[in-house]
2 protein chains.
Amino acid sequence: MAVTLADVAVRAGVSAATVSRVLNGNYPVAGATRNRVLQAVEELEYVVNGPASALAAATSDLVGVLVNDIADPFFGIMASAVQSEIGEPVADRPGPKLAVVCNTGGSPERELTFLTLLQRQRAASVVLTGGALEDQSHRAALIGRLGRLEAAGARVVLCGRPPLTDTDFPAVTFDNRAGARQLTEHLLGLGHRRIGYLAGPQARTTTRHRLEGHRAALTAAGLGGDASRLTVRGSYDRSAGYYGALELLDREPGLTAIAAANDTVALGACAALRERGVRIPEDVSVTGFDDLPFAVDATPALTTVRLPLHEAGVHAGRLALGRDEAPEGGVLVCPGELRVRGSTAPPRDA
Amino acid sequence: MAVTLADVAVRAGVSAATVSRVLNGNYPVAGATRNRVLQAVEELEYVVNGPASALAAATSDLVGVLVNDIADPFFGIMASAVQSEIGEPVADRPGPKLAVVCNTGGSPERELTFLTLLQRQRAASVVLTGGALEDQSHRAALIGRLGRLEAAGARVVLCGRPPLTDTDFPAVTFDNRAGARQLTEHLLGLGHRRIGYLAGPQARTTTRHRLEGHRAALTAAGLGGDASRLTVRGSYDRSAGYYGALELLDREPGLTAIAAANDTVALGACAALRERGVRIPEDVSVTGFDDLPFAVDATPALTTVRLPLHEAGVHAGRLALGRDEAPEGGVLVCPGELRVRGSTAPPRDA
DNA sequence: TTGAAAGCGATACCAA
DNA sequence: TTGGTATCGCTTTCAA
């Protein structure tokens, strides 16, 4: 049988209550007693029984992090940002928390299922990252689930998706519209006129907002007419960028630039262009939306809209821990900031 | 207060024991009773209390997956393979397990710490993925931790690292030596004679085995003399590939090929070369070790040694679940398989 | 086939 | 500053 708190108590010659107090450090204990307890813990190699303590305290030290695609470095960075934030020992609360990374794969059902699983584990908090599905019935189901989670004592934080109306869960969001607009404006400023756009999957907040920003820029430049012909939709992965770029070249051989809804897609597009013998950035410029270390040096011509993702993850982590006040109106917007990296070539016919 | 098993029992007009039996499905219950219980569960929106059940049953349905770098798609793929193997999450049945992805960042201390946290959660099993540190004292500490985990009832599986001598934890491994050797032999077969090598971090099993394979190929070709001059060490990330490639070009301007210890490093190398105006694959060929969807179309000239990663994850998942017999001697080797993708150009002076 | 009741291991309240 | 002890919600014999 495993060593229990009672064993430690006997060894240290104190009561179970005292051991618990020492371990949780949230109650005054005499120095000498304290040392004896710690020594007993050491000698017996005692490891707290998480479930038992979660049962008694009615909360665990698990933090759920829902991601759309765990193989995408974007989410990897978010997850580790949250983990490093919650992993540090905190003054007011005992015990480092453990992040449970749940990969929904973008599936709404799995999103709901994971939330139930996390509720079952009595997760201390839950961070939902990445774009949300724009679907009324899913939205309703989601709100129901999150409401029950909150009622069960969990803290809910949205990170990278807009706040849920009719709820007041704190949200850390990006200004996707403005960012995408800046991105396209930048290309326009360089003289590009035939710009393809690789959009994300249907009915996602990020997809829509970024596309809106892109179109707004085009329209302002009097190029709104071509917009829909030069937009290809796909998922947020590399293959979408690959096939999307080929499709764009097909539709418009005179293309001089491609803007992608995220960096992973942009990399796929670069691959397709290279395979076709198209030079980057001399024949076509490719730009992606995120700003991952991942993408930084992969495509030297990449123009990125800087979104402090890591920082956002930390914010979400703090909110999940309850260390920050929820921001004004429950929403914290991480502003976009344009950053041009390497050379972004002018269009061929400029 | 949250809905409990007792509430469901009252509602269904049965005892708590019966509800438990219905929910766990591991005991005969009359059909009618069963239905009444399930209906009550539905009506009350009952969610099992994981900690309570883990306490009573002395085991949880958490499976820990330790990874070296969660932002590396390699580990993302491993993690999701394990997750999908241990069970498509289903809310109403306690069967499916939940993967807890722990990012060690390659730090030995964090590795140990996470293992303690997982033991505390009474994890049903633990999968350690990726190369292991070659350090006696860490190895001893690790064996101690894993032994205690096992004693506490957890199943331990190694995936992508060699078996631990003096223990009998099942292991799923890759033939890193043979794979790396094949990779370099392939380059040699194409006529390359000045081949740079981007090795991984010090004291890692994968680093050493792959380097040995590479050197064996060079030595067999009578090129062992240049090996150490043309080897640069770094971490397993993109920037290591970036700076490593620049360093290699510096040391040997006449370089015609670069082999990298993994795909992420290879991509970094490609970036550096492009930035320097070196053509890939015309001036220099770059090859990476893994075979990730991630890398597949990123570098068309990439020569890869195919390692069935997903399959390895599945194996690890099965072993973690106890669904497979532990393989002979506790070790399952996933053989390497050479696969050439795209064109790998001949050396300039060939 | 079902119910009653004894734990599982830690927490926190109430005394001392 | 400490100890005793009643929970917490579920699982699992043991009886019925």
Side-chain angles (χ1 to χ4, degrees), chain A residues 1-38 40-41 44-62 93-95 119-124 152-153, chain B residues 1-38 40-41 44-62 92-95 119-122 124 152-153:
Chain A
M1 223 40 215
V3 179
T4 73
L5 214 176
D7 298 329
V8 175
V10 170
R11 174 94 173 201
V14 299
S15 75
T18 299
V19 176
S20 173
R21 286 173 190 135
V22 170
L23 260 31
N24 290 304
N26 50 6
Y27 215 82
V29 174
T33 318
R34 179 193 177 67
N35 288 336
R36 256 184 306 141
V37 169
L38 290 178
V41 165
L44 296 176
E45 291 180 330
Y46 171 66
V47 175
V48 181
N49 183 317
S53 124
L55 172 58
T59 179
S60 75
D61 39 35
L62 257 30
R93 288 259 167 171
Q119 180 178 347
R120 170 152 116 192
Q121 299 298 335
R122 296 301 185 260
Chain B
M1 224 41 217
V3 179
T4 72
L5 216 179
D7 298 329
V8 176
V10 170
R11 175 92 172 202
V14 298
S15 75
T18 299
V19 177
S20 172
R21 286 171 189 140
V22 169
L23 259 31
N24 290 304
N26 49 8
Y27 214 83
V29 174
T33 318
R34 178 192 177 69
N35 289 337
R36 257 184 304 142
V37 170
L38 290 179
V41 165
L44 298 175
E45 291 180 332
Y46 171 66
V47 174
V48 180
N49 183 317
S53 121
L55 172 57
T59 181
S60 75
D61 39 35
L62 257 30
D92 43 321
R93 275 196 319 209
Q119 180 177 347
R120 169 151 118 190
Q121 300 299 334
R122 296 301 183 260

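The chains referred to below are lettered A, B, ... by the order of the sequence lines, with proteins before strands, and numbering in each begins at 1. What's counted below: heavy atoms across the whole structure, side chains too, no hydrogens, waters or symmetry copies. As the structure is a prediction and not an experimental result, all values here were calculated from the model.
- Defining each end axis of the helix from dT1(C)-dA16(D) to dA16(C)-dT1(D) as the rotation carrying four pairs' C1' atoms onto the next four, with five pairs an end, the two axes are found to diverge by 30° to 10 degrees.
- Legend: residues meeting salt bridge (charged side-chain N to carboxylate O under 4.0 Å, His left out) with Arg11(B), ordered by chain and number and at least two apart, are Glu43(B).
- Judged by distance alone, the side chain of Arg36(A) and the main-chain N or O of Ala12(A) form a donor-acceptor pair under 3.5 Å.
- Nearest-nucleotide assignment on DNA chain C puts the 5′-proximal partner with Val29(B), out of Val29(B) and Arg122(B).
- Between the CG atom of Asn24(A) and the P atom of dC13(C) there is a distance of 13 Å, given to the nearest Å.
- Ser20(B) meets the side-chain hydrogen bond (donor to acceptor under 3.5 Å, both in side chains) test with Asn24(B); sequence neighbours excluded.
- Counting to the nearest Å, the C1' atom of dG9(C) and the CD atom of Gln119(B) are 15 Å from each other.
- Contacts between residues 14-21 of chain A and DNA chain C, counted as heavy-atom distances below 4.0 Å, involve Ala17(A), Ser20(A), Arg21(A).
- Residue Tyr46(B) contributes atom OH, which lies 7 Å from atom C1' of dG9(D) at whole-angstrom precision.
- By the side chain to side chain contact (heavy atoms under 4.5 Å, CB included) test, Thr4(B) pairs with Ala6(B), Asp7(B), sequence neighbours left out.
- Taking atom CZ of residue Arg34(B) and atom C1' of nucleotide dT2(C), one finds them 15 Å apart after rounding to whole Å.
- Contact annotation: the side chain of Thr33(A) never approaches that of Val22(A) to less than 4.5 Å [non-hydrogen atoms, C-beta and beyond].
- Screening residues 14-25 of chain B for salt bridge (Lys or Arg N to Asp or Glu O under 4.0 Å) gives no qualifying pairs among residues at least two apart or on separate chains.
- With sequence neighbours left out, the side-chain hydrogen bond (donor to acceptor under 3.5 Å, both in side chains) criterion links Gln121(B) to Asp61(A).
- With sequence neighbours excluded, the residues forming a side chain to side chain contact (heavy atoms under 4.5 Å, CB included) with Ala124(B) are Thr59(B), Lys97(B), listed by chain and number.
- For the pairing with Val8(B), the side-chain contact (heavy atoms from CB on, under 4.5 Å) check across Thr18(B), Val41(B), Leu38(B) returns one residue only, Val41(B).
- Separating the CZ atom of Arg36(B) from the C1' atom of dT2(C) is a distance of 11 Å, rounded to the nearest angstrom.
- Here the P atom of nucleotide dC10(D) and the CG atom of Leu23(B) are 9 Å apart, to the nearest Å.
- Listed by residue number, the members of residues 49-57 of chain A with any heavy atom below 4.0 angstrom from DNA chain D are Leu55(A), Ala56(A).
- Minimum heavy-atom separation, Tyr46(B) to Leu23(B): CE2-CD2, 3.6 Å.
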Listing, residues 48-55 of chain B side-chain donor-acceptor contacts under 3.5 Å, not counting sequence neighbours, or none:
from     : atom 1 : to       : atom 2 : distance (Å)
Asn49(B) : OD1    : Ala52(B) : N      : 3.0

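- The nearest whole Å value for the distance from the CG atom in Leu5(A) to the P atom in dG3(D) is 13 Å.
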